[in-house]
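Every chain is numbered from 1 and lettered A, B, ... according to where its sequence line falls, protein lines coming before strand lines. Note: hydrogens, waters and symmetry copies are ignored here, and every other heavy atom, side chains too, is used.
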2 protein chains.
Amino acid sequence: MRLLLIEDERELADALSAALSKHGIVTDHTTHLADAFELTRQNTYDAILLDRRLPDGEGLTFIPMLRRTGTDAPVIVLTARNEPLERVEGLDVGADDYLGKPFLVDELMARLRAVLRRPPSLAELQITVGRMVIDPLHLSVTVASTPLDLPRRELLVLVALAKRKDKTVLRSTLEAAVYNYEEEIQSNALDAHISRLRKRLLDAGAGVAIHNIRGVGYLLREE
Amino acid sequence: MRLLLIEDERELADALSAALSKHGIVTDHTTHLADAFELTRQNTYDAILLDRRLPDGEGLTFIPMLRRTGTDAPVIVLTARNEPLERVEGLDVGADDYLGKPFLVDELMARLRAVLRRPPSLAELQITVGRMVIDPLHLSVTVASTPLDLPRRELLVLVALAKRKDKTVLRSTLEAAVYNYEEEIQSNALDAHISRLRKRLLDAGAGVAIHNIRGVGYLLREE
DNA sequence: CCGCGAAGATTGCGGCAGCATGACGGGGAC
DNA sequence: GTCCCCGTCATGCTGCCGCAATCTTCGCGG
């Protein structure tokens with residue numbers, strides 16, 4: 001589990017990080033909202049601990065920003081501003097819980113658990129084709145709910161096709177999905193991947209077919 | 001919106017019902033757990049407000065009963081028993097929030113809104129794989145109901161894998177689950193953890209296998 | 001309907017990236 | 001001190017994947 005801690009009191013932050021790490025929680029720490037925003041764009045956190053009074057502004061303003069950018073990690077506000085009306089304010093801008101300082105680490109842990117007792121973050125974008133379910137975010141493929149493990153390049157090809165299922169995907173698009181700039185290919189490596197992928201999907205009984213559109217690209221659809 | 005209020009102090013209950021109805025909330029009220037249980041079987045509530053000290057028992061015992069019968073409505077505990085450790089206790093049996101008496105109706109409303117914003121709490125409290133049961137929130141592992149204690153990093157790896165059992169977990173995801181951005185690793189530390197974890201699970205007879213998907217990540221499944 | 005060229009399919013091979021594992025040692029906890 | 005977690009290195013091995021050679025399919029024009 002990985003948390004983002006936004007807190008400008010250095011000592012409290014260090015103590016908290018240490019305490020949390022004893023519970024097996026990995027904590028990233030920052031003191032400014034601007035940095036926090038950057039971090040949430042780069043990483044995915046299971047939860048966010050947020051102070052209200054911060055050097056570059058009121059912590060609560062951070063919550064709507066987060067939500068607008070699609071981060072749905074639960075936010076727990078940790079603050080000395082603990083009047084009932086302040087708590088209402090915090091919860092109503094989208095905080096998931098609100099805990100007044102000082103607090104016991106045990107209570108924080110309990111509230112964390114309460115808040116995390118919910119489905120894994122973000123909409124599980126999954127694509128279903130034939131008997132196959134593809135999760136492009138986690139790069140996982142299952143056929144009839146049993147996992148199918150594919151070599152990396154074949155997996156990338158399949159995901160690229162699945163994202164545009166029933167539509168043609170340009171050959172160049174597929175190449176871009178599998179290779180970066182440095183990796184030049186000067187042979188029919190892509191064709192080879194397609195071929196091996198077809199065989200694997202057939203063996204697994206995936207119920208899909210990869211069609212070729214001559215001179216253009218490929219297309220994935222149920223068969 | 002329809003609430004179930006379980007509270008034996010008649011005056012408080014009446015006052016609350018009145019206040020809630022001003023917010024357009026329909027409240028069913030009962031004073032006993034036995035009746036409450038019946039009501040939840042017959043109706044579907046959006047949320048449940050629960051007192052701890054009730055004529056026929058400790059209110060908290062109600063929560064596991066609810067969950068076992070498939071009711072996933074959020075529960076807010078309202079009680080005079082408001083010591084930090086009592087709050088921990090409440091949250092850990094499955095309450096979604098915990099509010100000490102006396103409280104402002106406005107704060108109750110705010111916490112209600114916060115709790116209702118969250119998707120239904122379907123998250124598994126425990127994950128079973130092979131002969132092993134994993135509690136990701138408390139970070140505990142048992143094999144055939146005897147506890148297994150693992151070193152911290154190996155535990156984190158295992159939990160991350162268990163949360164997506166039978167599905168691939170990206171190498172980068174595992175690294176993020178175990179290390180924060182300050183702790184960089186420049187070697188095969190993760191591989192080492194996996195290797196040691198495998199050995200430990202084998203020795204313990206966990207009945208699981210950690211499978212590698214070359215170039216992608218790892219996958220936990222029963223064997 | 002046939003022939004031809006180009007695009008695609010398939011398969012074997014070899015190099016090497018990526019993984020598994022054991023050993024070692026520093027360092028933190030008790 | 002003593003234990004053991006955990007990061008690092010070295011070594012061996014597996015199998016992915018780029019390449020190329022060969023065969024098949026497709027589309028077009030006559």
Side-chain angles (χ1 to χ4, degrees), chain A residues 14 17-19 21-24 26 139 141 148-161 168-203 208-220, chain B residues 139 141 148-161 168-175 177-204 208-220 223:
Chain A
D14 288 347
S17 296
S21 94
K22 292 211 172 131
H23 290 269
V26 178
L139 292 180
V141 181
L148 174 65
D149 45 295
L150 296 170
R152 190 169 99 263
R153 305 234 118 120
E154 292 172 37
L155 184 57
L156 293 174
V157 170
L158 178 60
V159 168
L161 287 170
T168 57
V169 182
L170 295 185
R171 205 188 170 78
S172 57
T173 307
L174 287 177
E175 279 167 3
V178 176
Y179 299 97
N180 63 30
Y181 297 109
E182 293 123 34
E183 308 170 306
E184 290 283 328
I185 47 167
Q186 27 204 305
S187 76
N188 63 343
L190 180 62
D191 304 57
H193 288 305
I194 296 267
S195 173
R196 292 191 267 249
L197 179 56
R198 278 188 176 127
K199 182 158 170 34
R200 278 202 162 89
L201 293 180
L202 188 67
D203 290 349
V208 298
I210 299 177
H211 292 275
N212 167 261
I213 286 88
R214 205 181 177 80
V216 183
Y218 291 87
L219 175 155
L220 175 74
Chain B
L139 290 182
V141 180
L148 174 65
D149 46 308
L150 295 170
R152 201 170 53 91
R153 306 231 119 124
E154 291 173 36
L155 183 57
L156 295 178
V157 170
L158 178 60
V159 168
L161 288 170
T168 56
V169 182
L170 298 187
R171 209 190 166 77
S172 58
T173 305
L174 288 176
E175 278 166 3
V178 178
Y179 300 97
N180 69 26
Y181 67 100
E182 288 150 7
E183 313 170 299
E184 50 190 278
I185 45 169
Q186 30 199 300
S187 77
N188 60 346
L190 181 62
D191 304 56
H193 288 305
I194 295 266
S195 176
R196 291 189 273 247
L197 179 56
R198 277 190 177 125
K199 181 158 171 32
R200 278 201 163 87
L201 293 180
L202 189 67
D203 291 349
V208 298
I210 298 176
H211 196 241
N212 167 262
I213 290 98
R214 206 184 177 83
V216 183
Y218 291 87
L219 175 154
L220 177 73
E223 63 178 3

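- Between B/Lys199 and B/Val216, the residue anchored nearer the 5' end of DNA chain C, judged by the nucleotide with its closest heavy atom, is B/Val216.
- Between A/Arg196 and C/dA9 there is no side-chain N or O to OP1 or OP2 distance below 4.0 Å.
- At whole-Å resolution of the value, CG in A/Leu156 and P in D/dC16 are 14 Å apart.
- Looking only at side-chain heavy atoms (C-beta outward), A/Leu158 and A/Leu201 come within less than 4.5 Å of each other.
- A salt bridge (charged side-chain N to carboxylate O under 4.0 Å, His left out) with A/Asp191 is found for one member of A/Arg171, A/Arg198, A/Arg196 and no other, namely A/Arg171.
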Given salt bridge (charged side-chain N to carboxylate O under 4.0 Å, His left out), test B/Asp149 with B/Arg200 step by step and report yes or no.
CA-CA 10 Å; B/Asp149 46 308; B/Arg200 278 201 163 87; over 6 Å; no

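- At the phosphate of C/dA20, OP1 or OP2 sits under 4.0 Å from a side-chain N or O atom of B/Tyr218.
- With sequence neighbours excluded, no residue satisfies side chain to side chain contact (heavy atoms under 4.5 Å, CB included) with A/Ser195.
- Within the 4.0 angstrom heavy-atom criterion, only backbone atoms of the sugar-phosphate kind lie near A/Arg153; the bases stay farther away.
- D/dT14 atom P lies 14 Å from atom CG of B/Asn212, rounded to whole Å.
- Applying the 4.0 Å criterion to OP1 and OP2 of D/dT8, one finds that B/Ser187 has a side-chain N or O inside that range.
- B/Tyr179 places none of its side-chain heavy atoms less than 4.5 Å from the side chain of B/Leu156.
- Residue-level contact check: A/Asp191 touches the bases, meaning some heavy atom is under 4.0 Å from a base atom.
- Nearest heavy atoms, B/Gly215 versus A/Arg152: O-CD, 3.0 Å.
- Computed from coordinates, the B/Ile210 CD1 to C/dC19 C1' distance equals 14 Å when rounded to whole Å.
- One interatomic measurement links the two molecules: CG of B/Leu190 to C1' of D/dT8, which rounds to 14 Å at whole-angstrom precision.
- Residue-to-nucleotide proximity on DNA chain D shows that, of B/Asn188 and B/Glu154, the 5′-proximal contact is made by B/Glu154.
- Between B/Glu175 atom CD and D/dC6 atom C1' there is a gap of 15 Å when expressed in whole angstrom units.
- Contact between the side-chain N/O atoms of A/His193 and the OP1/OP2 oxygens of D/dG18 is found at a separation under 4.0 Å.
- Atom CG of B/Leu158 and atom C1' of D/dC5 are 17 Å apart (whole Å).
- Look at A/Arg200 and you'll find a side-chain N or O under 4.0 angstrom from OP1 or OP2 of D/dC16.
- Residue A/Ile213 contributes atom CD1, which lies 12 Å from atom P of D/dC26 at whole-angstrom precision.
- Residue A/Arg152 has no polar side-chain atom (N or O) positioned under 4.0 Å from OP1 or OP2 of D/dC16.
- Nucleic acid contact for B/Ala189: base, since at least one base atom lies under 4.0 Å from a heavy atom of the residue.
- In terms of position along DNA chain D, the nucleotide closest to B/Pro151 lies nearer the 5' end than the nucleotide closest to the other residue of the pair B/Pro151 and B/Arg214.
- Remark: C1' of C/dG8 and CG of A/Leu219 are 16 Å apart, rounded to the nearest angstrom.
- Remark: A/Tyr179 is not in phosphate contact with D/dC17, judged by side-chain N or O atoms under 4.0 Å from OP1 or OP2.
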